[in-house]
Number of protein chains: 2
Amino acid sequence: MSKYSVSEENHIKAIFHLQQDQDTVTTNELAKELQTKPASITDMMKKLKTKKLVNYQRYKGFRLTEQGNKVALNIIRRHRLWEYFLSEKLKFNWDEVHDVAEVLEHVSNNKLIDKLDEFLGYPRVDPHGDPIPDAQGKIKSSKKTVLSALPLNTPGIINNVSDQSSEVLEILTHKEMNIGTRLEVKKKFDFDESLEIKIGRQAAFTISKKLADTVYVQII
Amino acid sequence: MSKYSVSEENHIKAIFHLQQDQDTVTTNELAKELQTKPASITDMMKKLKTKKLVNYQRYKGFRLTEQGNKVALNIIRRHRLWEYFLSEKLKFNWDEVHDVAEVLEHVSNNKLIDKLDEFLGYPRVDPHGDPIPDAQGKIKSSKKTVLSALPLNTPGIINNVSDQSSEVLEILTHKEMNIGTRLEVKKKFDFDESLEIKIGRQAAFTISKKLADTVYVQII
DNA sequence: GCATTTTTTTAGCTTTGTCTAAAAATAATA
DNA sequence: TATTATTTTTAGACAAAGCTAAAAAAATGC
Ligand SMILES: [Mn+2]
Ligand SMILES: [Mn+2]
Ligand SMILES: [Mn+2]
Ligand SMILES: [Mn+2]
């Protein structure tokens, strides 16, 4: 596994995420994701194609090759392990870890990452609930349900939060909805699509559809 | 304090080290240190001059400005804190930490470094015995003596090892000469300049001049 | 003090990664 | 289907960081 530049790695990782819910990624989409220009994406796709990391034909969109997927999973492993370290050991807030990890993920010394993994006790999920790939690139994808679609009176465990902004962190922390918290939806109001949530023996409270759309739970 | 490129930081740090024992650093010296070409150094010195990090006049050598010194101490702080982390927490060997730290030192997020410092318990020296500058850039320079010049029967504590190669680590580990070890020189042989060393109640043993030249001690 | 050697700088070229503007291909729609 | 709109690619430029080869300055040695 040779070494890729920071820019190459950022492109590979972004394609990986985009291709999860569609079968081909377009130039414009990736440009938007990486806050760059479509022309720059075309250049990079040509390069990644010669390195056999991406299947690309002009005007036809692209996808990672097997090779590309492997590389992407390794970058994601690095990213999430550093996020876990920052959150768990250095006591960073939830919403601060991503940006720092965005840089640290490019320190691509495998011995470093494996020792970090060991030091952290082989965590399986990062601070946002996303699974951490193991040294072989295996990733555990648990089928999760968005909270806004959780059936009534069905216990679920908060698994993942898709929006990592400090605003979301603030409200979830305030309502004591953390990763691992067990909850049920008691009612859904058609009027404004708000949901009534109950955690353990506490009094039920209401959250907005907008918030419920960012929270993913695992049904038990 | 703005942000500097990896290459700029490597140049600044190298100048800092070279200027410790001479009053002006030359183009060729720095090129050799950084394994690059003199022409490239000239280019970089022009750039660092416009950024007011270096005092430079063509053909006259250079030195860091006040500003440049501050930046250098911050890089060295980052480098040594990461070395401490790698050695103390991730259990890397002594001779492996430098190369990894050479990359990590360029992740220049001050909050990260200050939290890392706190997490590590504010260590004062890195795994080679070199002092770690504090958040204000203050560095504690203890006057140290090279072991080969330590007077006979004078107790000293191993403080620092200037050669960080695995060969040196191997021999020092084997002879149980670690940072913090207290020892005395019992004899010096003129024939081959070897030294007889005694640690605590153990039997005395002999080391070469070459080895004694890499070890620095603090006289108690 | 002049010639020779060494050091340093300059000039010009290369690679990587990005950009803008224009051209080409594809998609949408009337 | 022809026209229009959108997307994507190409062409050409630029900045950063490096290199080689040649020129200029400084240092050395007789
Ligand atoms: Mn993240
Ligand atoms: Mn990144
Ligand atoms: Mn070091
Ligand atoms: Mn470095």
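Chain A is the first sequence line, chain B the second, and so forth, proteins listed ahead of strands; every chain is numbered from 1.
- Nucleotide D:dT20 holds its P atom 13 Å from the CG atom of B:D43, rounded to whole Å.
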List the atom pairs, donor and acceptor, that lie under 3.5 Å between side-chain atoms in residues 119-131 of chain B and the rest of the protein, sequence neighbours left out.
residue, atom, partner, partner atom, Å
B:D126, OD1, B:H128, N, 2.7
B:D126, OD1, B:G129, N, 3.1
B:D126, OD1, B:D130, N, 3.1
B:H128, ND1, B:E83, OE1, 3.2
B:H128, NE2, B:W94, O, 3.4
B:H128, NE2, B:Q164, OE1, 3.2
B:D130, OD1, B:N160, ND2, 2.5

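- In this structure, NZ of A:K51 is placed 12 Å from C1' of C:dT15, rounded to the nearest angstrom.
- Close to D:dA16, at under 4.0 Å from its OP1 or OP2, lies no side-chain N or O of B:S5.
- Within the 4.0 Å cut-off from OP1 or OP2 of C:dT10, at least one side-chain nitrogen or oxygen of B:K46 is found.
- The CG atom of A:L104 sits 9.0 Å away from the CG atom of A:L112 when rounded to the nearest 0.5 Å.
- None of A:R78, A:E9, A:H79 except one satisfies the side-chain hydrogen bond (donor to acceptor under 3.5 Å, both in side chains) rule with A:H106; the exception is A:E9.
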What N/O pairs connect the protein and nucleotides 2-5 of chain C at under 3.5 Å? Give each pair on its own line.
none

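- Between the side chain of A:K188 and the backbone N or O of A:S148, at least one donor-acceptor pair lies under 3.5 Å.
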Determine whether A:M44 and A:H11 satisfy the following criterion, side chain to side chain contact (heavy atoms under 4.5 Å, CB included), listing intermediate values before the conclusion. CA-CA 8 Å; A:M44 184 57 86; A:H11 283 78; 3.5 Å; yes

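- Residues from residues 19-41 of chain B lying near DNA chain D, meaning a heavy-atom separation below 4.0 Å, are B:T36, B:K37, B:A39, B:S40 in numerical order.
- Among the atoms of the strands shown, only primed sugar atoms or phosphate atoms (P, OP1, OP2) are found under 4.0 Å from some heavy atom of B:S7.
- Separating the CD atom of A:E8 from the P atom of C:dT18 is a distance of 10 Å, rounded to the nearest angstrom.
- Look at B:Y56 and you won't find any side-chain N or O under 4.0 angstrom from OP1 or OP2 of C:dT8.
- Among residues two or more places apart in sequence or in another chain, the side-chain contact (heavy atoms from CB on, under 4.5 Å) test is passed with B:T173 by B:L169.
- In the model, A:N28 has no side-chain atom that pairs as donor or acceptor with a side-chain atom of A:T26 under 3.5 Å.
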Verdict with supporting geometry, A:E170 and A:H174, side chain to side chain donor-acceptor pair (under 3.5 Å): CA-CA 6 Å; A:E170 189 195 356; A:H174 180 72; over 6 Å; no

Report, one pair per line, the protein and nucleotides 25-28 of chain D atoms (nitrogen or oxygen only) whose separation is under 3.5 Å.
residue, atom, partner, partner atom, Å
D:dA25, O4', B:Y59, OH, 3.3

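- In this structure, B:K49 atom NZ and C:dT9 atom P are separated by 11 Å, rounded to whole Å.
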Compile the donor-acceptor pairs under 3.5 Å between side chains in residues 54-64 of chain A and protein atoms, sequence neighbours left out, one pair per line.
residue, atom, partner, partner atom, Å
A:R63, NE, A:D23, O, 2.5
A:R63, NH2, A:Q19, O, 2.9
A:R63, NH2, A:Q22, O, 3.3

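- Salt-bridge annotation for A:K13 and A:E105: present, with a side-chain N of the basic residue lying under 4.0 Å from a carboxylate O of the acidic one.
- Residue A:M45 contributes atom CE, which lies 14 Å from atom C1' of C:dT18 at whole-angstrom precision.
- Taking atom CE of B:M44 as the reference point, atom C1' of C:dT9 lies 16 Å away to the nearest angstrom.
- Checked by atom type and distance alone, the side chain of A:T214 pairs as donor or acceptor with a backbone atom of A:L211 at under 3.5 Å.
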